[in-house]
K.L.:
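Once you've had a glance at the structure underneath, I'll fire off some questions.
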Amino acid sequence: MSKRLSPELQHITEDAYCETHLEPTRLFCDADQITLCSKCFQSQEHKHHMVCGIQEAAENYRKLFQEILNTSREKLEAAKSVLTDEQERMAMIQEEEQNFKKMIESEYRMRLRLLNEECEQNLQRQQECISDLNLRETLLNQVIKLATELEEMFQEMLQRLGRVGRENMEKLKESEARASEQVHSLRKLIVELEKKCGEGALALLKNAKYSLERSKSLLLEHLEPARITDLSLCHIRGLSSMFRVLQRHLTLDPETAHPCLALSEDLRTMRLRHGQQDGAGNPERLDFSAMVLAAESFTSGRHYWEVDVGKATRWQVGVYHGSADVKGSTARASGEKVLLTGSVMGTEWTLWVFPPLKRLFLEKKLDTVGVFLDCEHGQISFYNVTETSLIYNFSHCAFQGALRPVFSLCIPNGDTSPDSLTILQHGPSCDATVSP
């Protein structure tokens with residue numbers, strides 16, 4: 001590299017002398033990070049080094065330190081944000097784990113009730129053989145065996161949930177520690193850099209390159225939030241065989257259909273009517289007010305139905321309850337519905353439940369949703385029928401009045417959408433507990 005001298009050779013405000021030549025040191029060798037006098041400058045040792053005036057070198061490093069200082073402040077805010085998020089997530093996953101535990105326990109109690117009910121029906125069908133004690137004992141042993149297997153399965157689920165919860169907490173604690181350490185290091189660095197930028201030329205140049213490299217090294221450290229396992233991926237597998245017995249043959253009520261919906265002749269399929277759009281509202285907001293209720297309503301008993309959602313990119317299924325006028329699009333009060341919402345936007349697939357609004361995670365898009373309603377116990381459960389697994393359940397719901405299945409599509413925002421929902425039917429209808 002070539003030598004370069006500046007006018008600062010003629011002017012320096014700090015008194016420094018070369019210990020070897022006893023002359024003022026007005027130059028700075030960037031390679032060796034030392035000050036030089038004019039005689040040192042002429043030596044072979046610094047012949048190919050970059051040499052400039054002390055003031056010029058100090059200003060160059062001051063600019064570099066200032067840039068790093070600004071970056072450090074930005075990175076500090078980002079690290080503090082990660083730290084806060086990890087601390088909040090630790091509190092959230094503890095609450096979420098408790099919620100999933102309650103959901104597992106609620107699902108177990110429901111399936112045990114259905115198992116007992118199924119066994120009672122089997123005994124009733126065998127009334128002509130009820131005097132055969134061996135047969136009765138065999139049936140009772142089957143009940144005990146199935147109940148034991150059911151309990152073991154759900155205990156295993158609870159253990160898996162606890163294990164995943166502990167693993168998530170450990171990951172978050174480690175992430176919190178890394179974030180806390182980076183916040184501490186960045187704060188210390190910022191204090192050092194602020195002090196460095198305020199120093200005079202000679203003090204600033206002392207160990208300048210080392211300070212610069214150390215600062216850059218810290219800024220290169222990349223902080224990422226912990227990757228934890230979403231508890232909704234701890235699927236509860238299997239569907240009760242009683243669901244087929246409890247399945248209801250629902251039809252859509254044209255009197256409650258939104259104007260943009262077209263219903264099939266058999267009143268089991270709803271689709272968006274071509275050319276019908278709702279111009280009100282924010283065009284970027286998902287508007288799920290294209291709603292229709294089932295003609296059937298429930299006031300007691302247990303009920304199950306399935307909906308094909310594979311041909312819809314944005315949909316809702318659930319239960320509506322209340323006595324308000326629900327004709328047309330007036331049944332929009334969110335507090336009167338329990339919903340499962342699916343949405344595909346681009347390549348992103350999202351799933352939500354309400355209330356309260358909570359995002360769930362599934363590995364792939366849903367095709368068929370099963371809905372189970374237990375009026376007496378205030379329970380609503382949503383199932384992935386294709387994967388035979390529970391999506392989410394609500395327990396201890398305070399229902400008022402008749403309950404009606406609800407279905408909704410998102411009103412298109414100027415595009416032509418082929419979205420449709422279809423209520424599926426399997427086997428003969430069993431509507432003994434359906435209210436008029």
Side-chain angles (χ1 to χ4, degrees), residues 1-19 24-38 40-41 43 45-90 171-227:
M1 297 177 67
S2 61
K3 295 175 180 286
R4 182 164 55 87
L5 300 179
S6 75
E8 293 173 356
L9 265 172
Q10 307 299 323
H11 175 72
I12 185 168
T13 59
E14 300 181 36
D15 295 328
Y17 291 87
C18 173
E19 295 181 358
T25 53
R26 296 189 174 92
L27 303 170
F28 182 76
C29 175
D30 192 68
D32 293 336
Q33 292 285 289
I34 59 174
T35 56
L36 306 173
C37 67
S38 58
C40 293
F41 173 68
S43 67
E45 184 180 356
H46 301 286
K47 183 177 181 180
H48 300 291
H49 293 173
M50 173 66 76
V51 177
C52 62
I54 286 178
Q55 292 296 331
E56 181 182 355
E59 287 307 310
N60 289 338
Y61 272 103
R62 198 185 307 277
K63 289 179 181 178
L64 291 173
F65 285 137
Q66 188 61 52
E67 291 175 1
I68 293 178
L69 178 59
N70 294 336
T71 303
S72 298
R73 288 169 176 158
E74 293 175 358
K75 188 146 188 172
L76 174 61
E77 292 305 313
K80 287 164 63 178
S81 178
V82 171
L83 178 60
T84 301
D85 289 345
E86 299 301 73
Q87 292 170 340
E88 290 178 352
R89 284 211 292 170
M90 281 192 287
K171 291 177 182 177
L172 287 170
K173 285 182 177 179
E174 291 174 0
S175 179
E176 180 198 26
R178 289 193 299 270
S180 180
E181 182 179 354
Q182 189 171 94
V183 167
H184 175 74
S185 299
L186 286 168
R187 282 174 172 165
K188 184 177 179 181
L189 175 62
I190 289 171
V191 171
E192 293 176 359
L193 290 175
E194 288 174 341
K195 180 180 178 182
K196 202 75 172 172
C197 289
E199 290 178 332
L202 287 177
L204 185 144
L205 290 172
K206 185 177 182 181
N207 298 322
K209 181 172 285 187
Y210 169 75
S211 298
L212 193 65
E213 291 175 351
R214 186 168 59 85
S215 301
K216 288 182 177 179
S217 176
L218 179 58
L219 294 182
L220 287 175
E221 293 181 5
H222 187 57
L223 193 62
E224 286 189 352
R227 294 184 178 182

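All residue numbers refer to positions in the sequence shown, counting from 1. Keep in mind it's a predicted model, so treat the numbers as computed, not measured.
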K.L.:
Kindly determine whether R227 and K171 satisfy side-chain contact (heavy atoms from CB on, under 4.5 Å), including the steps that lead there.
P.N.:
CA-CA 8 Å; R227 294 184 178 182; K171 291 177 182 177; 6.0 Å; no
K.L.:
Looking at residues at least two apart in the chain, or sitting in another chain, which of them share a side chain to side chain donor-acceptor pair (under 3.5 Å) with E213?
P.N.:
none
K.L.:
List the atom of F65, the atom of A208, and the distance in Å for their closest heavy-atom pair.
P.N.:
CZ-O, 3.5 Å
K.L.:
Which heavy atom in C29 sits nearest to a heavy atom in L36, and how many Å separate them?
P.N.:
CB-CD1, 3.8 Å
K.L.:
Rounded to the nearest 0.5 Å, what's the gap from CD1 on I54 to CG on L27? Could you check?
P.N.:
7.0 Å
K.L.:
Please determine whether side-chain contact (heavy atoms from CB on, under 4.5 Å) holds for the pair E221 and R178, giving the CA-CA distance in whole Å, both sets of side-chain angles, and the decisive distance to 0.1 Å.
P.N.:
CA-CA 10 Å; E221 293 181 5; R178 289 193 299 270; over 6 Å; no
K.L.:
To the nearest 0.5 Å, how far apart are CD in Q182 and CG in L223?
P.N.:
4.5 Å
K.L.:
Sub-3.5 Å donor-acceptor pair from the side chain of S180 to the main-chain atoms of E176, do we have one?
P.N.:
no
K.L.:
I need the full list of side-chain hydrogen bond (donor to acceptor under 3.5 Å, both in side chains) pairs touching residues 185-206, with sequence neighbours left out, sorted by first then second residue.
P.N.:
R73-E194, E192-R214
K.L.:
How would you list, by chain and number, every residue that makes a side-chain contact (heavy atoms from CB on, under 4.5 Å) with S215, sequence neighbours excluded?
P.N.:
I68, L189, L193
K.L.:
Would you list the atom pairs, donor with acceptor, under 3.5 Å between side chains in residues 76-86 and any protein atom, with sequence neighbours excluded?
P.N.:
{"residue": "E77", "atom": "OE2", "partner": "K80", "partner atom": "NZ", "Å": "3.4"}
{"residue": "T84", "atom": "OG1", "partner": "K80", "partner atom": "O", "Å": "3.0"}
{"residue": "E86", "atom": "OE1", "partner": "R89", "partner atom": "NE", "Å": "3.0"}
{"residue": "E86", "atom": "OE1", "partner": "R89", "partner atom": "NH2", "Å": "3.0"}
{"residue": "E86", "atom": "OE2", "partner": "R89", "partner atom": "NH2", "Å": "3.3"}
{"residue": "E86", "atom": "OE2", "partner": "S175", "partner atom": "OG", "Å": "2.6"}
{"residue": "E86", "atom": "OE2", "partner": "A226", "partner atom": "N", "Å": "2.9"}

K.L.:
Only pairs at least two apart or in different chains count here, so list each side-chain hydrogen bond (donor to acceptor under 3.5 Å, both in side chains) that has a residue in residues 61-71.
P.N.:
D30-Y61, Q33-Y61, E59-R62, Q66-N70
